[in-house]
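Being a predicted model, the structure only gives us computed values, none of them experimental. We count residues from 1, following the sequence as given.
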Amino acid sequence: MRTLAITQNITVDGAVEMITDWFDPQGQAREDMSDVLEESHRQDDRADALLLGRRTFEDFRGYWPLQTEDPTGITAYLDRVAKYVVSGTLTDPGWQNSTVLKGDPVEEVRRLKAEEGGKDIVVTGSITLAHTLIAAGLVDEYRLFVYPTVQGRGKGLFPDGYEVPRLRLLESRAFRSGITLQRYAPA
């Protein structure tokens with residue numbers, strides 16, 4: 001069975017919704033982010049599927065394919081990875097290697113996870129979809145890039161009222177920028 005990993009950029013106070021400018025997808029211009037980018041590419045090498053909700057997919061599609069001189073390599077990765085977008089309204093994804101999943105997201109993700117021989121499936125952004133997958137117990141790993149900032153508001157990673165009695169720490173790592181990676185799995 002394939003691993004479903006939620007990879008999120010998150011503030012110290014737990015916000016994943018970017019209301020202020022704490023996150024820059026092409027690297028914080030004032031910071032050396034090379035070690036964070038290296039870790040991101042290491043994770044990308046372990047994945048062959050990106051799972052997104054419609055709004056995040058449309059945000060990605062409207063930004064990344066236009067980055068023709070992207071020194072980060074993120075555009076190249078997003079162009080080649082299999083992208084699955086959960087949507088009841090989108091008909092034509094309009095981006096190479098993209099597939100629209102129109103059915104029940106829980107059943108669609110169960111089917112993807114059951115595919116033999118695949119690598120990790122990664123969900124990023126897509127907080128409504130992430131909440132659905134978390135509540136359904138489908139998440140195998142949480143990969144949290146914690147930014148040293150407090151936003152004071154915004155949607156969090158876990159649905160309101162959802163409780164996880166204990167997570168198992170897989171890795172904790174600090175980067176030069178002050179960002180940390182915290183990897184957890186359900187206990």
Side-chain angles (χ1 to χ4, degrees), residues 1-18 22-25 27-28 31-53 56 60 72-74 77-78 80-84 86 105-106 108-151 154-187:
M1 178 149 316
R2 298 168 75 182
T3 294
L4 177 67
I6 290 182
T7 299
Q8 292 287 9
N9 297 298
I10 189 168
T11 63
V12 170
D13 61 333
V16 294
E17 182 180 19
M18 192 179 85
W22 59 269
F23 173 71
D24 174 0
Q28 309 295 327
E31 304 278 346
D32 176 4
M33 300 287 286
S34 59
D35 53 351
V36 175
L37 188 58
E38 182 181 309
E39 173 59 27
S40 179
H41 289 312
R42 188 183 71 75
Q43 290 183 22
D44 291 347
D45 289 343
R46 293 176 37 201
D48 64 359
L50 180 64
L51 178 64
L52 302 168
T56 300
F60 277 32
T72 67
I74 296 170
Y77 170 73
L78 290 174
R80 75 176 174 269
V81 72
K83 293 169 287 297
Y84 297 92
V86 173
V106 171
E108 293 282 5
V109 171
R110 281 192 178 119
R111 183 185 56 75
L112 285 174
K113 285 184 67 168
E115 290 178 353
E116 293 295 321
K119 295 180 178 181
D120 293 354
I121 303 165
V122 175
V123 178
T124 192
S126 309
I127 197 60
T128 301
L129 175 60
H131 285 177
T132 298
L133 301 175
I134 291 167
L138 292 175
V139 179
D140 301 301
E141 187 176 329
Y142 300 94
R143 299 172 184 165
L144 309 177
F145 286 91
V146 183
Y147 281 67
T149 188
V150 174
Q151 183 171 259
K155 292 179 184 172
L157 175 61
F158 293 94
D160 285 341
Y162 186 81
E163 183 178 338
V164 180
R166 182 139 178 95
L167 294 171
R168 182 171 43 94
L169 181 65
L170 302 175
E171 179 182 7
S172 180
R173 179 175 169 201
F175 300 99
R176 288 185 292 272
S177 60
I179 295 168
T180 61
L181 170 63
Q182 307 298 320
R183 288 182 48 230
Y184 293 98

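- With respect to Glu171 and Arg183, a salt bridge is recorded, a charged nitrogen being found less than 4.0 Å from a carboxylate O.
- The shortest heavy-atom contact between Leu133 and Val123 is CD1-CG2, 3.9 Å.
- Residues Ser126 and Leu51 come closest through the heavy atom pair OG-O, 4.4 Å.
- Lys113 NZ: more than 12 foreign heavy atoms inside a 6.0 Å radius.
- Side-chain contact check for Thr124 versus Ile6: every heavy-atom pair is 4.5 Å or farther apart.
- Not counting sequence neighbours, the partners of Arg173 by the salt bridge (Lys or Arg N to Asp or Glu O under 4.0 Å) test are Glu39.
- When side chains are defined from C-beta on, Ile179 counts as touching Pro148, because their heavy atoms get closer than 4.5 Å.
- Side-chain atoms of Gln151 never come within 3.5 Å of backbone atoms of Val12 as a donor-acceptor pair (strictly under, hydrogens ignored).
- Considering only residues two or more places apart in sequence or on other chains, Thr149 meets the side-chain contact (heavy atoms from CB on, under 4.5 Å) condition with Thr11, Trp22, Tyr147.
- The shortest heavy-atom contact between Gly156 and His131 is O-NE2, 3.0 Å.
- Residues Thr3 and Ile121 have side chains not in contact (no heavy-atom distance under 4.5 Å, counting atoms from C-beta outward).
- When the salt bridge (Lys or Arg N to Asp or Glu O under 4.0 Å) test is applied to Arg111, the partners found at least two apart in sequence or on another chain are Glu108, Glu115.
- Side chains of Gln43 and Thr7 form a contact here, defined as non-hydrogen atoms less than 4.5 Å apart.
- The stretch residues 154-187 participates, sequence neighbours left out, in these ring-ring contact (aromatic ring centres under 6.0 Å, His included) pairs: Tyr142-Phe158.
- Note on Lys119 versus Asp44: no salt bridge recorded, every NZ/NE/NH1/NH2 to OD/OE distance being 4.0 Å or above.
- In terms of the side-chain contact (heavy atoms from CB on, under 4.5 Å) criterion, Ala135 has no residue partners (sequence neighbours excluded).
- Looking at Ile134 and Pro159, their side chains come closer than 4.5 Å, going by heavy atoms from C-beta outward.
- Each salt bridge (Lys or Arg N to Asp or Glu O under 4.0 Å) pair with one or both residues in residues 159-169, not counting sequence neighbours, would appear here, but there are none.
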Q: In sequence, state the C-alpha distance, the side-chain angles, and the governing distance for Arg143 and Asp120, and then conclude on side-chain contact (heavy atoms from CB on, under 4.5 Å).
A: CA-CA 12 Å; Arg143 299 172 184 165; Asp120 293 354; 2.7 Å; yes
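- Note that the CG atom of Asp35 and the OG atom of Ser40 stand 11.5 Å from one another [nearest 0.5 Å].
- At a threshold of 4.0 Å, the pair Arg2-Asp48 counts as salt-bridged, since one of the basic side-chain nitrogens sits closer than that to a carboxylate oxygen.
- Side chain of His41 to main chain of Val36: no donor-acceptor pair is present (N/O by atom type, distance under 3.5 Å, no hydrogens or angles).
- Without hydrogens or angle criteria, Lys155 side chain to Val16 main chain gives no donor-acceptor distance under 3.5 Å.
- The two residues Ser34 and Arg176 come nearest to each other via the heavy atoms OG-NH2, 2.6 Å.
- For the pair Leu52 and Leu129, the minimum side-chain heavy-atom distance is 4.5 Å or more.
- Residues Ser172 and Gln182 bring a donor and an acceptor atom of their side chains to less than 3.5 Å of each other.
- In terms of heavy atoms, Ala136 sits closest to Val106 at CB-CG2, 3.8 Å.
- Minimum heavy-atom separation, Ala47 to Val122: CB-CG2, 3.7 Å.
- A 4.5 Å side-chain heavy-atom check between Tyr84 and Leu112 finds at least one atom pair inside the cut-off.
- Atom CD1 of Ile127 is separated from atom OG1 of Thr56 by 9.0 Å, given to the nearest 0.5 angstrom.
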